[in-house]
2 protein chains.
Amino acid sequence: MRDLRTSNRARVLRRLYFDGQFSRHELAGATGLSQASVSNVVGELVDDQVVVEAGLVGSDGGRPRVLLRVNPDHACVVGVDVGETHVLVEVFDLTLRRLAMSTFQMESIANRGEAVVERVLAGLSQCIEDSGVDPSRLLGVGVGVPGLVERGSELLVHAQTVGWNGVPLERMLRAGTDLPLFIDNGANTLGQAEMWFGAGRGARNAVIALVGSGVGASVIADGVPYRGASGGAGEWGHTTLALDGRPCRCGANGCLEAYIGAKGVLARHRELAGLPGVVTDEEIALRDLLAEDSPAAREVLNETARYAGAGIGNLINLFNPERVILGGWAGLLLGSQLLPAIREVAAKHALHHPYQQAKIKLCELGTESVAMGAATLPVTEFLNAGGVRNPALMRPTA
Amino acid sequence: MRDLRTSNRARVLRRLYFDGQFSRHELAGATGLSQASVSNVVGELVDDQVVVEAGLVGSDGGRPRVLLRVNPDHACVVGVDVGETHVLVEVFDLTLRRLAMSTFQMESIANRGEAVVERVLAGLSQCIEDSGVDPSRLLGVGVGVPGLVERGSELLVHAQTVGWNGVPLERMLRAGTDLPLFIDNGANTLGQAEMWFGAGRGARNAVIALVGSGVGASVIADGVPYRGASGGAGEWGHTTLALDGRPCRCGANGCLEAYIGAKGVLARHRELAGLPGVVTDEEIALRDLLAEDSPAAREVLNETARYAGAGIGNLINLFNPERVILGGWAGLLLGSQLLPAIREVAAKHALHHPYQQAKIKLCELGTESVAMGAATLPVTEFLNAGGVRNPALMRPTA
DNA sequence: CGCCTTATTTCAAGATGTGATTTAACCCAT
DNA sequence: ATGGGTTAAATCACATCTTGAAATAAGGCG
């Protein structure tokens, strides 16, 4: 009973949030509620200032409809991107327009959970101040981290590549803020951002494949992120594509990451071209590789496309998505040049029918959207609660 | 509003169906409803004879609680297993105890949709008669088919391996029966059976890996089967495990199926042992192979375990399930002997953390449970409807 | 036999959705 | 400008449902 109104508020609110402006009349049709109920629900939402009227629109001789939209200024959210070498904090309004940001570069976050927490909290105060937002209007803080997030009795972050083994990030942040905290894998938050505002808009089933130094994926099943039993779903990078293939930094052999991750691609190129030494800036090196017109470069890129295509084919076979969205800084670089080749290989490896259902495209938001995606987490909570802040998520004050 | 009572009936009913006997008092706690509501809801369910009282249980000095349980005889369902070489029809009571069955062996169902429909309908009448069930008590007919089920404007079955390209099975069956029809991939229905009554009980995230002649999988995400955009999710068999590997009957190279499907295993064995000729009975051949103590057999089985392990590792990395359940007639044969080796390989290929979450075990219900799983489909519908038959699913009578 | 305990039902109150009806707001032809 | 037509939104009366509290049922125990 108590949930009925909430769920109806959520239905209406979500519609307005994701599909723009509607009149009460149209909302009734769109949500399946009766006009009377929509009137009631909208009345409440307007009273609460979650929704505002946004002008009239003539209606062919009749009373004009009153358009409604979400009030962007009703509340704000914070998104945090904890990357391997930086911490980025951003404040957004309810519709995720950025109001302020603050970044910290770090040598590496490896084994430095405390330092990260310090930066996040500093960025938080800084940004909130810069944006001029009253803290009481903040819905919460979403945090994207480079690792697996386990939700047990306590939230723990496992980020193997940076030596975080069971870092109790929530508890650590909790010591410095009362705001509701939402922590998720950065790949998932970036995926959310693409789903809401990028290449995933409108899809209910999608896989966002992220290629950077390493390789990951975010899976959206029936409109919601699929996290698996313990938040570890979507570890596409360590999927075996070549039994007994190249060794991967995870310890196994033949992982996809060893072939299409930036590190792997560059390493193979150096081997093939007989170049020694280490890469200092992977991004520049990858750009150079893409521009280079040598047999070795062609060979490596060709191979990369083949592995990426087969890997995407596997995703298509297993998930049967409407979209496969290729992103991550390396994914975008490689994809901009290799996408046609990748599609071709994927077509060969995926079954005919599922392949036809799947559009393979590139991310639209760039790689900075981890923080924005993190900010979608508190917003999602807010929308699901029908536009009500949930006080239970704050720090329990004595 | 109209759904509120329905959803509460469904809550109560599901609890009783899956978790056995409860008193009204306990149900209130278990479902989160008030005792008053439970009383009302249960009253209705008992009036409708969906639920019956099942004895008293003393309660430490107070009024004894009345135990409630689902009435197995309230309704019946039919499950149909359309295999590549047989059609099996079974009638069950509401709790899926078998009341009657009827099988037809066929040379092959390839390109013989009409013949299959004929057999299904014949089996239906036969079984219903044998079981003595009044047709009005049937909730519907679930059908498991060996291929992809596309739910578009019309339900179409694509079973590449038997030459079914867009067979309108629902329409064809509809011509011969008024009963509600539920059609799904046989791998999914078998998976459902395992989830309800077999190795998957209690898990919310699981992958049921099926190895027969071919290879497939059924994915359960958050308690519900994940079908993807067009019913084609879980095509594990045509996942690439060895770029440029053995050719697969799907046309691609290096598919898992070419290495661990019975056909593939036997073919490799023949090659290795230098045997000519064709296999007439795959099951006998596979049993022989498992019993054989030759270098060629050891080599092939070893390889098979490696591919199966890597394939399962990939499932674990991508889906992060609580369980991976190996089934299918070949899967059970191979698994009974190779499971330890498979686990070992999977541990090497999967990431540490997800691997630890996942129990790898064998199916418990044998391979005959496709039909039982198919029968879960109408039952699921019935439970979700709160124990009410949905007349809209019948053939619209003029 | 009366009191105690626990389970279930009954009751009255409050909340909510809905169809029908009414009111509002605008266009347009006269 | 005015009244009829049209569409949107609000209001109303009613039915449905949940719920906490109170009452009742059913047994144990001294």
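Since the model is a prediction, treat every value here as computed from it, not as a measurement. Per chain, numbering begins at 1; letters A, B, ... match sequence-line order.
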Problem set entry | Value in whole Å for how far the P atom of C/dT18 lies from CZ of A/Arg5 | 11 Å
For this session: Return the value, rounded to whole Å, for the distance between atom NE2 of B/His25 and atom P of D/dG27.
Result: 17 Å
Problem set entry | Distance in angstrom units between B/Arg65 CZ and C/dT5 P, rounded | 16 Å
Problem set entry | Presence of B/Ser39 side-chain N/O under 4.0 Å of C/dT9 phosphate oxygens OP1/OP2 | yes
Exercise. Considering only side-chain heavy atoms of A/Leu4, which listed nucleotide, C/dT16, D/dA9, D/dG20, is closest?
Worked result: C/dT16
Problem set entry | D/dC17 OP1/OP2 closer than 4.0 Å to side-chain N/O of B/Ser37 | no
For this session: Would you indicate which nucleotide in D/dA9, D/dG20, C/dT9 comes nearest to any side-chain atom of B/Ala36?
Result: D/dG20
Seminar exercise, completed: Atom CG of B/Leu33 and atom C1' of D/dG20 are separated, to the nearest Å, by 14 Å
Seminar exercise, completed: Sorted by chain and number, sequence neighbours left out, salt bridge (charged side-chain N to carboxylate O under 4.0 Å, His left out) with B/Arg137 holds for none
Nucleotide N/O to protein N/O under 3.5 Å, stretch nucleotides 26-30 of chain C:
residue, atom, partner, partner atom, Å
C/dC26, O2, A/Gly61, O, 2.9

For this session: Can you tell me the distance, in whole Å, between the CD atom of B/Glu26 and the P atom of C/dT8?
Result: 8 Å
Problem set entry | Atom pair distance, as rounded to whole Å: CZ in B/Arg11 and P in D/dC17 | 15 Å
Problem set entry | Residues that B/Glu44 engages under salt bridge (charged side-chain N to carboxylate O under 4.0 Å, His left out), provided they are two or more places apart | B/Arg5, B/Arg9
Exercise. Any side-chain donor paired with an acceptor under 3.5 Å for A/Asn8 and A/Ser37?
Worked result: no
Exercise. Does the distance from a Lys or Arg side-chain N to an Asp or Glu carboxylate O, for B/Glu53 and B/Arg24, drop under 4.0 Å?
Worked result: yes
Exercise. Are B/Thr189 and B/Gln192 linked by a side-chain donor-acceptor pair shorter than 3.5 Å?
Worked result: no
For this session: Identify whether the distance between the nearest side-chain nitrogen and carboxylate oxygen of A/Arg201 and A/Glu364 falls below 4.0 Å.
Result: yes
Exercise. So what does A/Val38 touch, heavy atoms closer than 4.0 Å: a base, only the sugar-phosphate, or nothing?
Worked result: nothing
For this session: Using whole Å, report how far CG of B/Asn40 lies from C1' of C/dT10.
Result: 9 Å
Exercise. Among side-chain atoms of A/Tyr226 and B/Asp222, is any donor-acceptor pair under 3.5 angstrom?
Worked result: no
Exercise. Does B/Val66 or A/Glu44 map to a spot on DNA chain C nearer the 5' end, using the closest nucleotide for each?
Worked result: B/Val66
For this session: Starting from P on C/dA7, measure out to CD on B/Glu53 and report it in whole angstrom.
Result: 15 Å
